[in-house]
Amino acid sequence: MRYSQILIPTLKEVPAEAEVISHQLMLRAGFIKKLTSGVYTYMPYGLAAIRRVENIVREEMNRAGAQELSMPMVQPADLWQESGRYEKYGPELLRFRDRHERQSCLGPTHEEVITDIARKELHSYRDLPVNLYQIQTKFRDEIRPRFGLMRGREFIMKDAYSFDVDDEAAEVSYRKMFDAYNRIFQRCGLEFRCVQADSGAIGGSFSHEFMVLADTGEDTIAVCNDCSWAANLEKAEVKLAEPGDSVEQQPMVKVETPGKRKVNSVCEFLAIKPDQLVKTLVYLADDEPVAVLLRGDCELEEVKLKNYLGVTEIRPADDKEIYDATGVPSGYLGPVGIRIRLLADQEVTQMVNLTVGANEKNHHLQNVNQGRDFEVREIADFRRLTTADPCPSCGGTIRLVEGIEVGHIFKLGTSYSESMKAFYQDRDGNGRPLVMGCYGIGVSRVVAAAIEQNHDAHGIIFPAPLAPYQVTVLNLDLNDNEVSAAAEKIYIQLNEAGFDAFIDDRDERPGSKFKDADLLGFPYRITVGKRFKENSMVEVRRREDGTTEDVGIEDVVSYISSKIAN
RNA sequence: CGGGGCGUAGCGCAGCCUGGUUAGCGCGCCUGCCUUGGGAGCAGGAGGUCGCAGGUUCGAAUCCUGCCGCCCCGACCA
């Protein structure tokens, strides 16, 4: 590609709208142009990067035996009513009526459409297994689009759906996708982790998220330093420590704690450590108040609580709501005699002689014991894992890293096939629901994540597999025939050797060409300038670390070949 | 939706508080000269319904009201 033939409107200054680095760089490198909130035009250079990701995804999906198809973006509401999601999905689903007043929506995902295909076309166990995928634009009317392509309303997604005869077969399909995903992100040249997204009570893990590691990630993931265990912090289980030696229960006493409402001030006042105190947090779960007991030095993981309760929304109650629900001012709540639903983090049940609020202003209770002084029936893992906790898998040490979710696979089971009546006939002629799985990759987000992970002060540093062009040739002097001829020759030879080469043939000063080459992130840059006239050598520079080497013009192609596979 | 902020040339901003003739600056763009290994220099030039609609006023980018759009912080997700 010639720079003179491609529209890459680069910017010197950072547009005010961009906060995160990938967004800033994509705007500056002429990747994307915003049309409206969360909706972008992919400009030629940006589209080229997206195509790189798509091609890797497509090759690996095909290799895993999946078939590509393309489903409509506009979908009838009836289908969504059948699955029950038309009501459930919420305002992210963009609904509208067509000229016939037919209720319609823009597809945020395609379970309904694919299940409709499946029920019409997959009738026999002999038709299975099947895995169908597409790479397509999705629309989700996000509450708050942000960070450019990282969380747009319109975005490109690869979504695949598998259909199997039973659970066992579905797990085979799942496994294939798990392997394909690992290959895809490896081939993209990204540092990533696959994390458990849901460790169901069944024992097996049937949902995994693929996270690209980057400081600006929206999720925190816990990673074991000693084994391969990794989990989204929201779901990372805390392994209960072995119970220590049994301690004798002391008689409960009530103590005055005037004005001491916070864990730290109570502990200081009573000369105890935060891990001897149990705090009582009040949340509103779908507007119903619940109390959760948690060790004083720990933090509640709200997602765990939300999942346990199976509600759609939870939030901490404010002081007034706490008082209204319990009759106790916040800061003095405790389990003894509490009048709302009570849950406890598993760790609390191992503690003896607790200090808790007395459910009375300015008072706490000490030496409180579960079973003797209060009852709690609902016990689970509610607290957030910390780096002080052992790895739940091997007992090793944990570290926390930030990640960007680029892929998510999960086993759906039969919920869609049952609600939408997608049955096949087994060997004995019995109708059975198709067992489904679904597998997503945020293609446009992968590009954002790649930039988020690979950049420096000068611009993007593309991993070679994702770079729209692996190597750029800078012709520093268009008016010098010797220089221009050499640059053209190198460019042509690189293309002939199978590389996607780029040449900066604009009538610009050298400085601009260097700056743009850095900004656009070509993995290799070949500079043809006056040095070439002196000694017939050109400079080859590696974007990643800035190292340079002078290479003779005849050796350039083989030099590049030795550095990157094409 | 709740909380905060912003809309002035393609981009980044000043001017607004304290209304007053042709609305500024930097970058980019066009023409010419000059220059050519890290976003040069000089000279000339094009480009703006000051987000929109009302209102106050002799006079509004500036003050008031309403609307629209965008960005940031929270819940959601690939």
Side-chain angles (χ1 to χ4, degrees), chain A residues 9-20 23-24 27-28 30 33-39 53 57 89-93 108-110 135-160 181 197 209-212 218-219 232 234 284 302-303 306 311-316 403-410 438-449 458-459 474-480 483 504 506-519 525 527-534 538-539 541 546 548 550:
Chain A
T10 59
L11 258 27
K12 271 193 196 178
E13 282 168 304
V14 181
E17 68 184 58
E19 184 78 359
V20 298
H23 189 194
Q24 294 177 355
L27 254 16
R28 284 193 55 209
K33 282 279 174 195
K34 186 174 69 190
L35 183 62
T36 182
S37 180
V39 177
V53 177
V57 168
Y89 208 93
E92 273 186 18
L93 180 65
T109 175
H110 282 70
I135 297 174
Q136 191 229 26
T137 297
K138 299 276 189 264
F139 190 91
R140 293 184 189 170
D141 200 355
E142 290 282 341
I143 302 162
R144 181 153 88 89
R146 62 184 130 171
F147 304 150
L149 292 195
M150 204 95 105
R151 182 188 294 287
R153 292 194 295 168
E154 210 179 275
F155 58 99
I156 298 174
M157 180 169 164
K158 186 284 303 177
D159 48 325
Y181 273 44
E209 290 172 343
F210 289 78
M211 318 283 288
V212 168
E218 291 187 273
D219 294 281
N232 194 316
E234 290 177 346
L284 293 180
E302 294 186 3
V303 175
K306 186 176 155 187
V311 296
T312 56
E313 194 205 334
I314 64 166
R315 64 177 176 85
I404 299 164
E405 184 185 352
V406 290
H408 199 159
I409 59 177
F410 38 104
C438 79
Y439 317 92
I441 290 179
V443 172
S444 42
R445 185 183 278 183
V446 168
V447 176
H458 303 287
L474 303 191
N475 176 353
L476 288 196
D477 195 346
L478 289 181
N479 299 317
D480 185 312
V483 167
D504 193 340
R506 295 174 302 168
D507 186 14
E508 290 287 339
R509 297 172 58 82
S512 305
K513 297 190 179 187
F514 288 131
K515 291 290 184 188
D516 278 337
D518 286 347
L519 178 61
R525 181 186 88 192
T527 306
V528 187
K530 68 169 185 246
R531 199 177 300 165
F532 168 74
K533 290 175 69 173
E534 288 159 10
V538 296
E539 178 199 88
R541 184 173 187 268
T548 62
D550 285 344

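Chain letters run A, B, ... following the sequence lines, proteins first, then strands; residues in each count from 1. Values in this document were obtained by computation on a predicted structure and should not be read as measured data.
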Legend entry - Salt bridge flag under 4.0 Å for residues A:R541 and A:D518: yes
Inset, instruction - Using a heavy-atom cut-off of under 4.0 Å over every strand shown, decide if A:T109 touches base, sugar-phosphate, or nothing. - result: nothing
Legend entry - Selected nucleotide, minimal atom distance to A:R445 side chain, candidates B:G38, B:C72, B:C77: B:C77
Legend entry - Short side-chain N/O contact to B:C71 OP1/OP2 from A:S37, under 4.0 Å: yes
Inset, instruction - Select base, sugar-phosphate, or nothing to describe what A:V446 touches, counting heavy atoms under 4.0 Å on all strands. - result: nothing
Legend entry - Separation of the C1' atoms in B:G38 and B:G48, to the nearest angstrom: 34 Å
Inset, instruction - Could you tell me whether the side chain of A:R144 has a donor or acceptor atom within less than 3.5 Å of a complementary atom in the base of B:C1? - result: no
Legend entry - Pair A:K138, A:H110: side-chain N/O donor-acceptor within cut-off below 3.5 Å: yes
Anything under 3.5 Å between a protein N or O and an N or O of nucleotides 39-42 of chain B, put it in a table, one pair a line.
residue : atom : partner : partner atom : Å
B:G39   : O2'  : A:K12   : NZ           : 2.7
B:G39   : O6   : A:R28   : NH2          : 3.4
B:G39   : N1   : A:D516  : OD1          : 3.1
B:G39   : N2   : A:D516  : OD1          : 3.4
B:G39   : N2   : A:D516  : OD2          : 3.1
B:A40   : OP2  : A:R509  : NE           : 3.3
B:A40   : N7   : A:R509  : NE           : 3.3
B:A40   : N7   : A:R509  : NH1          : 3.0

Legend entry - Gap separating the CZ atom of A:R140 from the OG1 atom of A:T109, nearest 0.5 angstrom: 6.0 Å
Legend entry - Verdict with reasoning, A:K533 to A:D480, per salt bridge (Lys or Arg N to Asp or Glu O under 4.0 Å): CA-CA 10 Å; A:K533 290 175 69 173; A:D480 185 312; 2.5 Å; yes
Legend entry - Between P of B:C76 and CD of A:E209, the distance in whole Å: 13 Å
Inset, instruction - Would you give the length of the straight line joining atom CE of A:M150 to atom NE2 of A:H23, rounded to the nearest 0.5 angstrom? - result: 10.5 Å
Legend entry - Pairwise C1' distance for B:G26 and B:C72, with rounding to whole Å: 26 Å
Legend entry - Separation between the P atoms of B:G24 and B:G15, rounded to whole Å: 16 Å
Inset, instruction - Sort out the partner of B:G20 for me: Watson-Crick or G-U wobble, both distances under 3.5 Å, none otherwise. - result: B:C58
Inset, instruction - Have a look at A:G407 and say if it touches a base, only the backbone sugar-phosphate, or nothing, with a 4.0 Å heavy-atom cut-off. - result: sugar-phosphate
Legend entry - Base paired to B:G7 (Watson-Crick or G-U; both N/O distances under 3.5 angstrom): B:C68
Inset, instruction - Can you figure out which of B:C76, B:G38, B:C11 approaches the side chain of A:F514 most closely? - result: B:G38
Inset, instruction - Would you indicate what A:G152 reaches in the nucleic acid, counting non-hydrogen atoms under 4.0 angstrom: base, sugar-phosphate, or nothing? - result: base
Legend entry - Geometric class of the A:F210/A:Y181 ring pair [parallel <30°, tilted 30-60°, perpendicular >60°]: tilted
Legend entry - Sugar-phosphate only, base, or nothing, as touched by A:D159 at under 4.0 Å among non-hydrogen atoms: nothing
Inset, instruction - Could you measure between the two C1' atoms, the one in B:G47 and the one in B:C27, and give it in whole Å? - result: 14 Å
Legend entry - Any N/O donor-acceptor pair, A:R525 side-chain to B:G38 base, under 3.5 Å: yes
Inset, instruction - Test A:E218 against every option in A:R146, A:M211, A:E405 by the side chain to side chain contact (heavy atoms under 4.5 Å, CB included) rule and name the one that passes. - result: A:R146
Legend entry - Rounded distance in Å between the C1' positions of B:G54 and B:U18: 25 Å
Inset, instruction - Mind calculating the distance between CG (A:L476) and P (B:U36) to the nearest angstrom? - result: 13 Å
Inset, instruction - Sticking with atom P, work out how far B:U8 lies from B:C63, rounded to a whole angstrom. - result: 16 Å
Inset, instruction - Rounded off to whole Å, could you give me the CD-to-P distance for the A:E405 and B:C76 pair? - result: 12 Å
Legend entry - A:T36 vs B:C70: side-chain N/O to OP1/OP2 distance below 4.0 Å: yes
Legend entry - Gap separating the CG atom of A:D516 from the NZ atom of A:K12, nearest 0.5 angstrom: 10.0 Å
Inset, instruction - Using both distances under 3.5 Å as the test, list the Watson-Crick or G-U wobble partner of B:G74, or none. - result: B:C1
Legend entry - Given RNA chain B, 5'-ward residue of the pair A:N479 and A:H23, judged by closest heavy atom: A:N479
Inset, instruction - Look at A:R525 together with A:E539 and state whether they make a salt bridge at an N to O cut-off of under 4.0 Å. - result: yes
Inset, instruction - Please state whether the phosphate of B:G74, meaning OP1 or OP2, lies under 4.0 angstrom from any side-chain nitrogen or oxygen of A:R146. - result: yes
Legend entry - Donor-acceptor pair (no angle test) under 3.5 Å: A:E13 side chain, B:G28 base: no
Legend entry - Most 5' of A:E218 and A:G38 on RNA chain B, judged by nearest nucleotide: A:G38
Legend entry - A:K34 NZ to B:C11 P, straight-line distance once rounded to whole Å: 10 Å
Legend entry - A:R151 CZ to B:C71 P, straight-line distance once rounded to whole Å: 14 Å
Inset, instruction - Can you tell me the distance, in whole Å, between the CG atom of A:D480 and the C1' atom of B:U36? - result: 11 Å
Inset, instruction - Under 4.0 Å between any heavy atoms, over every strand shown, what does A:E142 touch: base, sugar-phosphate, or nothing? Just pick one. - result: base
Legend entry - Separation of B:G28 C1' from A:L27 CG (nearest whole Å): 16 Å
Legend entry - Nearest-neighbour nucleotide for the A:I143 side chain, B:A78, B:A75, B:G26 considered: B:A75
Legend entry - B:G51 to B:C58 separation - P atoms, rounded to the nearest Å: 25 Å
Inset, instruction - Considering only atom P, compute the distance from B:U21 to B:C16 and round it to an integer number of Å. - result: 13 Å
Legend entry - Distance in angstrom units between A:L478 CG and B:G37 C1', rounded: 14 Å
Inset, instruction - Verify whether one side chain among A:Q136 and A:D159 offers a donor that lies under 3.5 Å from an acceptor in the other. - result: no
Legend entry - Contact under 4.0 Å: A:R315 side-chain N or O vs B:A75 OP1/OP2: no
Inset, instruction - Could you tell me whether A:K33 contacts a base, only the sugar-phosphate backbone, or nothing, with contacts defined as non-hydrogen atoms closer than 4.0 Å? - result: nothing
Inset, instruction - Among B:A78, B:G12, B:G37, find the nucleotide with the atom closest to the side chain of A:P510. - result: B:G37
Inset, instruction - Would you state whether a donor and an acceptor, one from the side chain of A:D477 and one from the base of B:G37, lie under 3.5 Å apart? - result: no
Legend entry - Inter-residue atom distance A:R506.CZ - A:L474.CG, 0.5 Å rounding: 9.0 Å
